[in-house]
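Residue numbers start from 1 in every chain, and the chains themselves are labelled A, B, ... in the order their sequence lines are given, proteins ahead of strands.
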Amino acid sequence: MYDHKKIEQKWQKDWEEKNLYKTGEDKSKEKYYVLDMFPYPSGAGLHVGHPKGYIATDILARMKMMQGYNVLHPMGWDAFGLPAENFAIKNKTHPRKMNEKNIATFKNQLKKIGFTYDWGREINTTDPKFYKWTQWTFLQMFKKGLAYESHEPINWCPNCQTGLANEDLEGGKCERCGSEIEQKPMRQWVLKITDYADRLLKDLDKLPDWEDSIKEMQRNWIGKSVGSKIIFKVVANNNDGRIDNVNIKESQHFSQNNAESTQNNAEKNKVGDFLFEDLTYKIRGAMFNVRKKIGLGHKESVYHKALEIEFEKQGLSFESEKRIDIKYEDEKIGVYQPDFVVENKVLIELKALPKIGKQQLNQVWTYLKGSDYKLALLVNFSSSDLEIKRMVYDSARNQINSAFSALSQRGSATSLEVFTTRPDTLFGCTFMVIAPEHPLIENLKDKIENYDEIKKYQEQAKKKTEMERTELNKEKTGVRVKGIMAINPVIAKTLSQSQTDADYTQNYAEENFLHGSASSQRSSATSAEVPIFVADYVMMGYGTGAIMAVPAHDERDYAFASQKNAERTQNDAEIKIRPVVLKKDNKARSVLMGTKNITENDLKNIGVEIVEKKKDRYHIFIPFDKIEEYKKLIREKMENHFWNEFYTGENFYFIFKHKDGKIEEFELNSDTNDQIDIYGMTFNDEKPKEKPENVYNWLAENDFYKELFLSAEEGIAINSDFLNGLPTKKAKEKMIEWLEEKGLGKRATNYKLKDWVFSRQRYWGEPIPVVHCEKCGVVAVPEKDLPVTLPEVESYEPTGTGESPLANIDEWVNTTCPKCKGPAKRETNTMPQWAGSSWYYLRYIDPHNDKALVDKEKEKYWSPVDFYVGGAEHATRHLIYARFWHKFLYDIGVVNYEEPFTKLRHVGLIMAEDGRKMSKRWGNVINPDDIVEEYGADAMRVYEMFMGPFSQSCAWSTNGLIGARKFIEKIVALFEKVSDEKSDEEIQRELHKTIKKVSQDIDEFKFNTAIAQMMILVNKMTSAKKINKEDYKLFLQILGPFAPHISEELWQKVGEEKSIFLSAWPKYDESLVKEEKVLIVVQVNGKVRAKLEVNADINEEELKKIAFANENVKKWLEGKEIKKIIFIKGKILSIVV
RNA sequence: GCCUGGGUGGUGGAAUUGGUAUACACGAGAGACUUAAAAUCUCUUGGAGGCAACUCCGUGCGGGUUCAAGUCCCGCCCCAGGCACCA
């Protein structure tokens, strides 16, 4: 009898006592690192789905062990996180206690399944010895400017009382508790993962052994799109239109952000006042003069030169090539080069964003404050509140930017910056849309005539839940921003084509932009002026929060424009829909008139497809290769005094037939208007010559041609001045060149990936190792003082004010500044759960090292992970975070390889028998302990691997499990047949075939077919009389990884003393694997007519003889002529008659 | 809407990448052993026709390529996962 309990306990004990799975230190052996995604030790314990992946890696690890590899197969605990903390809140116990208990349960459960884990390398992310290195890495990022404080609004879960990263949302809701997420402005630590976006994307190509689906998910998540940024100027249509006189308000999120905003208002105003005093006033004066003299639309270098002249006039000393080394703790961490340093005090940027990245501003600011260089705008300002200082700096920056923005040509009070992937459609931009949260609204508050209406819309948009946003998918809402207009730069510029650039600058820019009015009387500028709308279909979080809307070539813009046009009252101007791309189609088409002499058959005979027949016209498709024939037909048979135009796939072709039958034909091009005019044709009662776009616009109005003109697909540029005739790709390039040359835009790449919001306002996480010092700002905790451990607290409850419970522990919060030894406060935010899991796999390599995160030599040997297995739900979080973290460690020289995981496979879920997810809620959870108890760990292992393809989810079936159990019982029963006699040849052949298949299938994670093959073998062995002992042993060895306990038991019973897992993996005998006899199929006209068993190496002639002799084949060949015979060796003989 | 998989017996699933469709397992049916049941063993098991040899039909639907299509191409339908007004 097979007593699984006794056998499994016996061997588990034996393996542990003999330390069988301790990872070898023999570095002469080739290494193999197999890794499972480590679990979060939840209170619910394991269900049968969890071990599926662990069983798979265990099988792989055991085989690799037997194949002579030095195998690392570790396990640990991802133990920070909310469930433990919530439990702690409820029960007033330390989360650690809960963790310890759960880990004990998990470990106990895992051990019963018989895994090869080396528990000597167990790790736990909540262990200070572990998280010391999580903190250490954070500090390295901080020093490099990759960890920075941000005040941007972030995702806030009101239920979990913490901020969340984008990756932590599921359909706009908290992934953990399902609460609706709010956008809350607050101070956050953020990791600059976007700096790595391009590498994270590109290096996916270096991972051929990752599943394509997961790579694709990552690509989508990173969401790279290439295009350009374009500046649209904004003009007001009241008074003199001088928008730069508008008082720039504090940017919106600052006022919201500041909890004590009222009491700080006075301070803030002071800053504002200061900006316009003295020095700043002089600088602004210089700037105004420059603009007045040379106007807009020049390259940056031109303004540089002009400003230099003006600075000199104002008597200001300045440097323009000043490079300032930014240091942190005497270590140079970067260089900051402002555009100008005026009077050694004011740092001036011509751009909205300084040359340094945004993340580094923090460091620059900290450094400048403590250096000889003074950021003059802050010199006279004293406040002890760090937050205010920060705001002042940022606000000062905004002030400079705003003041200079007209020069800098970047998004600001007087201009709108957009991102687009289709710069080639710029001529088709007929309105602009900004997100409800766009700062322009506040900045131009005084110029906007319907400010109240817009405010109201903002409120509505805010209230809309994500659900509503998606449900009302098609229904677009929005409000026109009255009182201001944007200028389509390319139309503005090309309208004044005849003028020289200087003329343009003088006349057009001065008149229309500086004193511009949006009144429609000015004919030359009107088509360049486009209305601005606020609509929630534009997101503040993507791109610049503003778009150039091209209704002809963007579905959303089209929907919005149609909606607005339908709603519009008499006072509102219609939104124009201007096609600027003619779609590339795969068939020519035409609306054919003048058909008195043309029959349907005439058309059909030359291959023309009639789509629709109307009274006086046909809508037809013409295959490209029939165009010449079609032209001939038209010339011959179309009535006089008609013309026919047809789309050629790239353009339109015209054939005119005059009253006297004279024919003229030409392709539509820029001269066409003149030609058409000569024939006296009119379109919509307008002579085309006066309106260049009219031919296209007229064609576009025809329903049959419409889709060619209103499409987001690529095609040929039309109605686009210097782009006309260019295919989309080339048109994009040319437009970008043009924009860059004129300083109105530039090539740009945009990512969906956002920086990683890295702080949580909760207790149970790694403390962020920095202190806030009144004098020195944000200071890193020195490495020697790591780890910063979590203090004991009485209440784990989040404060709800956006601060973590740690903020209440005065004796922990209050500390001294490592730099100046003055009083300072500890950072009270903690890290998210994903921090530890971003690098834990490195720690297994060297788990007890207290000098380094990992020893470099050891890392070189063991890394990268050869095979990584875990759930697909981590595709866009853990796996992106870990790759980012790893690349950073690579950059600072901690690790030797750029990618952490060579091969990745995701494990499919095991569903409950009812097809639902296993969950306490449904009461359908199956506990592995019960299965192990009743059927044995081996049966469970075999069953879970046999269920189906590894990566596919599959419902649990206890019946299926019984099948696996029977399979093992059969193997046990086989022992009775073991003898010294030779096995039958058939058995030997099947055995070696099985060895081959199992070895291959394990490597490819095709466990189900490996087991099926073993079942075939076992069935054959069962029906045999005797099995040779050595053959039986070979089988036990390949069975071992799947069912280790029973294999070890039988291995011992058959007389072996050392563990089966120390034996060498069997090699198959090539000669036995080769089939001697094969079944060849004889087909007649594709139908199987006979199956012949013949020698495998039979040649065609011999086979034909046998085949033709076959009765059934004969029958089918009788009286027929053989046309062709196809012979594929060892497979098929196909006869065609 | 977009991206990625997938659709094969009563069920889970095989099919060397274009070459015997339904391996292996479960379930079901029949039989053997048994006083009986369980367990075990043997046989049958895609559908239709036929005593049989055998024949016809059959891999979501409709076309196509090929001597040959579950597999390749074109057009749809459905299911799962991911993303989602991403400019």
Side-chain angles (χ1 to χ4, degrees), chain A residues 170-172 211-221 223-225 227 418-422 425 433 435 466 469-470 472-476 535-539 541-550 553-557 559-560 712 750-753 872-873 875-876 906 908-909 942-943 946-949 951-964 966-967 969 973 997 1000 1006 1008-1019 1022 1078-1092 1111-1112 1115 1123-1128 1130-1137:
Chain A
E170 226 167 55
E211 281 163 88
D212 289 335
S213 59
I214 290 186
K215 283 195 275 188
E216 206 50 40
M217 274 194 229
Q218 293 214 349
R219 284 192 192 105
N220 288 340
W221 191 263
K224 179 179 181 172
S225 42
V418 301
F419 171 77
T420 178
T421 53
R422 293 293 299 273
T425 62
V433 187
E466 282 298 323
R469 277 198 183 199
T470 25
L472 303 170
N473 209 347
K474 292 283 171 286
E475 189 97 339
K476 302 240 180 319
D536 62 5
Y537 83 92
V538 171
M539 310 287 139
Y542 183 80
T544 60
I547 61 160
M548 58 175 237
V550 184
H553 304 293
D554 183 286
E555 242 181 273
R556 293 152 301 169
D557 297 343
F560 183 78
N750 204 30
Y751 297 94
K752 277 204 276 184
L753 184 76
E873 69 273 21
T876 50
H906 87 261
L909 289 177
V942 169
Y943 172 60
F946 185 61
M947 288 173 89
S951 298
Q952 193 176 301
S953 74
C954 192
W956 178 267
S957 151
T958 302
N959 274 331
L961 175 69
I962 291 168
K966 282 183 189 169
F967 167 64
E969 282 172 5
K997 182 152 181 65
Q1000 280 173 358
K1006 284 155 76 174
N1008 54 335
T1009 50
I1011 292 169
Q1013 179 59 40
M1014 287 195 286
M1015 283 172 169
I1016 293 171
L1017 175 66
V1018 168
N1019 289 345
T1022 302
V1078 287
L1079 209 59
I1080 290 198
V1081 175
V1082 182
Q1083 290 184 345
V1084 180
N1085 277 356
K1087 293 234 188 280
V1088 180
R1089 295 305 177 192
K1091 298 171 183 183
L1092 307 172
E1111 285 299 320
N1112 206 40
K1115 197 175 93 190
K1123 286 186 188 153
K1124 200 174 173 188
I1125 292 182
I1126 293 140
F1127 172 67
I1128 307 222
K1131 275 181 183 157
I1132 209 159
L1133 185 78
S1134 187
I1135 306 165
V1136 190
V1137 297

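- Separating the P atom of B/rU22 from that of B/rU59 is a span of 14 Å, rounded to the nearest Å.
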Pair pattern of RNA chain B in dot-bracket, where unpaired bases get dots and | marks partners in another strand, Watson-Crick or G-U under 3.5 angstrom: (((((((..(((......[....)))((((((.......))))))((((....))))..(((((..]....))))))))))))....
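- B/rU17 has its base syn relative to the sugar, with a glycosidic angle deviating from 0 by at most 90°.
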Close N/O contacts between protein and nucleotides 64-67 of chain B (under 3.5 Å):
unit_1	atom_1	unit_2	atom_2	d
B/rC67	OP1	A/K1124	NZ	3.1
B/rC67	O2	A/S1134	OG	2.7

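- Under the side-chain hydrogen bond (donor to acceptor under 3.5 Å, both in side chains) criterion, A/K997 pairs with A/D1001, sequence neighbours left out.
- Listed by chain and number, the residues in a side-chain hydrogen bond (donor to acceptor under 3.5 Å, both in side chains) with A/N1019 are A/K970 (sequence neighbours excluded).
- Contact check, A/N959 against B/rA25: no side-chain N or O comes under 4.0 Å of OP1 or OP2.
- Here A/S953 does not reach the OP1 or OP2 of B/rG81: none of its side-chain N or O atoms lies under 4.0 Å away.
- Nucleotides B/rG58 and B/rG7 place their C1' atoms 16 Å apart, quoted to the nearest Å.
- Scored by the ring-ring contact (aromatic ring centres under 6.0 Å, His included) test, A/Y943 finds A/W956 as partners (sequence neighbours excluded).
- Base orientation of B/rG5: anti (glycosidic angle beyond 90° from 0).
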Along nucleotides 39-58 of chain B, 5' to 3', which nucleotides get a B, which get an S, and which get a -, given that the test is a protein heavy-atom distance under 4.0 Å? -S-------------SSSS-
